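Predicted, not measured: the structure shown is a model, and the values here were computed from it.
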Amino acid sequence: MPDDARQPLTALAPVGDRVHLVVPPSSTYLRTVRLVAADAAVRAGCDVSEVEDFRIAIDELCHLLMTATDHDVHVTMTTFEDHVVGRGSARIRSGRAGRAGHELDAVSALIVKATSDHFAVDPRRDELVFEVTKRARRQERTGDWRPLASPR
């Protein structure tokens with residue numbers, strides 16, 4: 001994976017809107033991650049079922065990170081005109097380096113495969129990284145449609 005979720009702000013690509021989250025490694029914070037994932041998918045033009053698919057994929061992958069670490073989980077959602085990319089990373093718990101325990105179980109892998117267009121999990125030496133992509137397949141695109149900006 002070329003991009004780390006904790007990439008410096010100066011390295012951000014000029015295309016796509018990027019949101020960074022840093023959450024504690026507790027499933028209590030999965031709701032926050034899912035809400036941001038849903039917003040990013042909507043901004044990419046995904047329909048309701050595509051938004052839900054992306055939320056589910058992000059949930060499964062973030063849960064994997066949270067069970068592998070005692071450190072903060074870094075998640076990035078990047079929205080493009082026709083797709084959304086989620087990336088996450090976390091330092092692996094001390095003494096737990098290696099592939100064991102850092103892969104999706106069979107059911108979770110099937111869920112992520114069914115709800116995303118692409119995903120990868122990369123257990124590196126001292127961190128675990130994932131990337132997931134969901135494409136908007138809306139047939140009727142209405143020009144430059146964008147969701148309304150927040151009044152704030």
Side-chain angles (χ1 to χ4, degrees), residues 1-138 147 150:
M1 256 173 264
D3 292 331
D4 183 321
R6 295 177 291 159
Q7 198 173 24
L9 291 177
T10 57
L12 295 180
V15 295
D17 294 329
R18 188 170 291 174
V19 175
H20 294 270
L21 287 174
V22 179
V23 296
S26 167
S27 60
T28 304
Y29 294 94
L30 283 173
R31 181 174 186 218
T32 301
V33 176
R34 287 191 306 263
L35 288 169
V36 173
D39 179 69
V42 166
R43 292 179 185 281
C46 293
D47 65 24
V48 173
S49 65
E50 293 163 342
V51 169
E52 187 61 21
D53 283 350
F54 188 65
R55 283 171 30 109
I56 291 168
I58 286 290
D59 183 89
E60 291 290 331
L61 291 163
C62 282
H63 185 265
L64 173 67
L65 290 183
M66 290 175 177
T67 60
T69 189
D70 293 328
H71 302 281
D72 286 340
V73 175
H74 298 255
V75 183
T76 302
M77 307 291 174
T78 307
T79 302
F80 298 92
E81 186 175 316
D82 63 349
H83 69 284
V84 61
V85 177
R87 290 186 179 95
S89 67
R91 286 182 37 205
I92 295 173
R93 189 176 297 133
S94 298
R96 303 253 340 238
R99 297 185 79 87
H102 302 306
E103 295 178 351
L104 290 170
D105 62 51
V107 173
S108 292
L110 284 172
I111 290 169
V112 176
K113 186 175 181 179
T115 57
S116 68
D117 292 301
H118 163 78
F119 81 95
V121 176
D122 183 10
R124 298 178 181 174
R125 178 192 292 183
D126 62 348
E127 75 177 341
L128 187 60
V129 178
F130 75 77
E131 178 177 275
V132 60
T133 303
K134 185 66 180 176
R135 297 208 171 276
R137 291 187 168 75
R138 186 176 305 186
S150 171

Practice prompt. Quick one: pull up CG in Asp117 and CZ in Phe54 and give me the separation to the nearest 0.5 Å.
Written response: 10.5 Å
Item to complete: Kindly compute the distance separating CG (Asp17) from CE (Met77), expressed to the nearest 0.5 Å.
Response: 14.0 Å
Practice prompt. Without swapping roles, check the side chain of Thr79 against the backbone of Ala40 for a donor-acceptor pair under 3.5 Å.
Written response: yes
Response to the item:
Rounded to the nearest 0.5 Å, the CZ atom of Arg91 sits from the CG atom of Asp126 at a distance of 7.0 Å
Practice prompt. Please report the shortest heavy-atom distance between Leu64 and Glu103, naming the atom on each side.
Written response: CD1-O, 3.6 Å
Discussion item. As a quick check of understanding, evaluate side chain to side chain contact (heavy atoms under 4.5 Å, CB included) for Glu50 and Arg135, giving each step before the final call.
Written reply: CA-CA 8 Å; Glu50 293 163 342; Arg135 297 208 171 276; over 6 Å; no
Item to complete: Give a yes or no answer on whether the side chain of Thr115 reaches the backbone of Ile111 with a donor-acceptor pair at less than 3.5 Å.
Response: yes
Fill in: Shortest non-hydrogen contact from His102 toward Leu128
O-CD1, 3.5 Å
Worksheet item: Which heavy atom of Ser89 sits nearest a heavy atom of Leu65, and at what distance?
Response: N-CD1, 3.6 Å
Discussion item. Show the nearest heavy-atom pair for residues Asp53 and Lys134, with the distance to one decimal.
Written reply: OD2-NZ, 3.4 Å
Item to complete: Please assess Thr133 against Val85 for the test side chain to side chain contact (heavy atoms under 4.5 Å, CB included), listing each intermediate value before the final yes or no.
Response: CA-CA 5 Å; Thr133 303; Val85 177; 3.9 Å; yes
Discussion item. Using 0.5 Å steps for rounding, measure from the CZ atom of Phe119 to the CG atom of Leu104.
Written reply: 5.5 Å
Worksheet item: Stepwise, does the side chain to side chain contact (heavy atoms under 4.5 Å, CB included) test hold for Leu61 with Val112?
Response: CA-CA 8 Å; Leu61 291 163; Val112 176; 4.1 Å; yes
Practice prompt. Can you measure from CD (Glu131) to OG (Ser116) and round to the nearest 0.5 angstrom?
Written response: 10.5 Å
Item to complete: Give, for atom CG of Asp70 and atom CD1 of Ile92, the distance between the pair rounded to the nearest 0.5 Å.
Response: 12.0 Å
Discussion item. What verdict does the side chain to side chain contact (heavy atoms under 4.5 Å, CB included) test give for His74 and Val22, after you've listed the backbone C-alpha separation in whole Å, the side-chain angles of each residue and the deciding distance to 0.1 Å?
Written reply: CA-CA 5 Å; His74 298 255; Val22 179; 3.6 Å; yes
Worksheet item: Taking NZ, NE, NH1 and NH2 as the nitrogens, is one of them in Asp59 or Arg55 under 4.0 Å from a carboxylate oxygen of the other?
Response: no
Item to complete: Identify the two heavy atoms, one from His20 and one from Thr76, that lie closest to each other, and give their separation to 0.1 Å.
Response: ND1-OG1, 3.2 Å
Worksheet entry | Heavy-atom pair of closest approach, residues Gly86 and Ile58 | CA-CD1, 4.0 Å
